[in-house]
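Shown next, in structure tokens, is the structure this report addresses.
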Amino acid sequence: MKMKKSLVALCLSAGLFASVPGISLADVNIVPQDTAAAPSIPTAALQQLAWTPVDQSKTQSTPLATAGQRLDIAGISGPVAAYSVPANIGELTLTLSSEVNQQTSVFAPNVLILDQNMTPSAFFPSSYFTYQAPGVMSADRLEGVMRLTPALGQQKLYVLVFTTDKDLQQTTTLLDPAKAYAKGVGNAVPDIPDPIARHTTDGLVKLQVKTNSTSSVLVGPLFGSSGPGPVTVGNTAAPAVAYAAPAAAVAAPAPQPVKKSEPMLNDTENYFNQSIKDAVAKGDVDKALKLLDEAERLGSKSARSTFISSVKGKG
């Protein structure tokens, strides 16, 4: 257990916060793998949700309203949004935004990331999603960027979005449109009060998924195959009607067979093994995992054992 915690901690990096505009590390003290602050949700309740698939082809928009699906769990208020994300396409960048509506109110999102076995793996509270002023193609919104590294063998991740009683007691200060215009054209900024957005249980949440080359949060057990099989959840097909009752349970898709490569030359094998050892020694598990993937793609037979022995030695 000690080794596993060490490995997870090594996958954190400053890159997690680098993409959060207008906020410093001193403003947000978040350790995403610390899920103790998240509401405790029984697996059975999670299995009853309709999980909407999200891929890289489009941004998934979810209107949250009174009629939406809910979790009758202490600490969660109002409707929730539930997404399934492919975990076998490399490192992921998830951008979640919640738009301020015409009634000057906004849904303050919290995000719980679960691995393919529905085990909580990362938690991003509402304080992580900061106010972003409107742009040419975007509205006032709360927004956060989450960078994730799915562990080897993961087929999908689950993203649960909800708000809390505490969030509903707070507000968000917006930027007055006149101030935004003045800043945009270089004029003097008028001294006028900024509007205040109430936090409510309804709103419009958008999720965009992309692959990335700099990752942060490891999701799922590092050596995948030793754990239990994927948990079957209610419905991972897009609902015909928003938040319709979950359809019959479907199992996670079977992994695609890996194409075998020709055996790797000894010099190349030694190069990758030494590089993996060096990366682990420096605490850069992300780099070591990428080297492992590349080495096995090129036909290495010893890279995985080198990686495991290096990590065990460090743990």
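Positions are given from 1 along the sequence. The analysis underlying the following values was restricted to heavy atoms, covering all of them including side chains, and did not include hydrogens, waters or symmetry mates.
For S310 against K277, the heavy-atom pair with the smallest separation is OG-CG, 3.5 Å. Counting all heavy atoms, side chain and backbone alike, A303 lies closest to N273 at CA-OD1, 3.4 Å. The shortest non-hydrogen separation linking P39 to I73 is CB-CG2, 4.4 Å. Taking all atoms of both residues into account, the shortest heavy-atom contact from A182 to A188 is CB-O, 3.6 Å. The minimum heavy-atom distance linking E91 with K290 is given by the pair OE2-CE, 3.1 Å. Heavy-atom minimum distance, L142 versus P109: CD1-CD, 4.1 Å.
In this structure a side-chain-to-backbone donor-acceptor pair under 3.5 Å is missing from E143 to T95. With E269 contributing its side chain and S302 its backbone, the two residues share a donor-acceptor pair below 3.5 Å. N101 places a side-chain N or O within 3.5 Å of a backbone atom of Q103 that can act as its donor or acceptor partner.
Looking at F124 and V161, their side chains never come closer than 4.5 Å, going by heavy atoms from C-beta outward. Two residues are said to be in side-chain contact when any heavy atoms from C-beta on lie closer than 4.5 Å; K183 and L175 meet this criterion. Counting heavy atoms from C-beta outward, T119 and L114 have side chains that stay 4.5 Å or more apart. Using a 4.5 Å heavy-atom cutoff, the side chains of Y131 and V106 are not in contact. Side-chain atoms of F129 and V111, non-hydrogen and from C-beta on, do get closer than 4.5 Å to each other. Put simply, the side chain of L204 reaches to within 4.5 Å of the side chain of K206, judged on heavy atoms. With a 4.5 Å cut-off on side-chain heavy atoms, D202 and P79 do not count as touching. Put simply, the side chain of Q69 does not reach to within 4.5 Å of the side chain of Q48, judged on heavy atoms.
In this structure, L291 CG and S275 OG are separated by 5.5 Å, a value rounded to the nearest 0.5 Å. Atom CG of L92 is separated from atom CZ of R147 by 12.0 Å, given to the nearest 0.5 angstrom. For the atom pair OG1 of T163 and CG of L64, the computed distance is 9.5 Å after rounding to the nearest 0.5 Å. Q56 CD to Q208 CD: the interatomic distance, rounded to the nearest 0.5 Å, is 9.5 Å. Of the inter-residue distances, the one linking D167 atom CG with T200 atom OG1 reads 11.0 Å to the nearest 0.5 angstrom. We find the CG-OH distance between D115 and Y158 to be 9.5 Å, quoted to the nearest 0.5 Å.
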For this session: Applying side chain to side chain contact (heavy atoms under 4.5 Å, CB included), run through L94 and L157 and close with a yes or a no.
Result: CA-CA 11 Å; L94 275 59; L157 308 179; over 6 Å; no
Exercise. Between L160 and I41, is a side chain to side chain contact (heavy atoms under 4.5 Å, CB included) present by the stated rule, with each step listed?
Worked result: CA-CA 11 Å; L160 181 66; I41 308 173; 3.5 Å; yes
Exercise. Between R304 and L292, does a side chain to side chain contact (heavy atoms under 4.5 Å, CB included) hold up when you go through it step by step?
Worked result: CA-CA 6 Å; R304 182 170 293 271; L292 169 59; 4.0 Å; yes
Exercise. So Y83 and V209, side chain to side chain contact (heavy atoms under 4.5 Å, CB included) or not? Walk me through it.
Worked result: CA-CA 11 Å; Y83 306 103; V209 177; over 6 Å; no
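One side chain, T130 or Q132, offers a donor N or O that lies under 3.5 Å from an acceptor on the other. Judged by distance alone, the side chains of N110 and T164 never bring a donor and an acceptor atom under 3.5 Å apart. A donor-acceptor contact closer than 3.5 angstrom is absent between the side chains of Q169 and D165.
Follow the hydrophobic side-chain contacts under 4.5 Å out from I196 and you never reach F107; the two are in separate clusters. Note on I308 and F272: same hydrophobic cluster, where clusters join Ile, Leu, Val, Met, Phe, Trp and Tyr whose side-chain heavy atoms are under 4.5 Å apart, directly or indirectly. When hydrophobic clusters are built by joining Ile, Leu, Val, Met, Phe, Trp and Tyr residues whose side-chain heavy atoms come closer than 4.5 Å, directly or via intermediates, V189 is not grouped with L174.
Ring planes of F162 and F123: parallel class, angle under 30° (limits at 30 and 60°).
By the 6.0 Å contact criterion, NZ on K287 is open, its count of non-hydrogen atoms from other residues, nucleotides or ligands being 12 or less.
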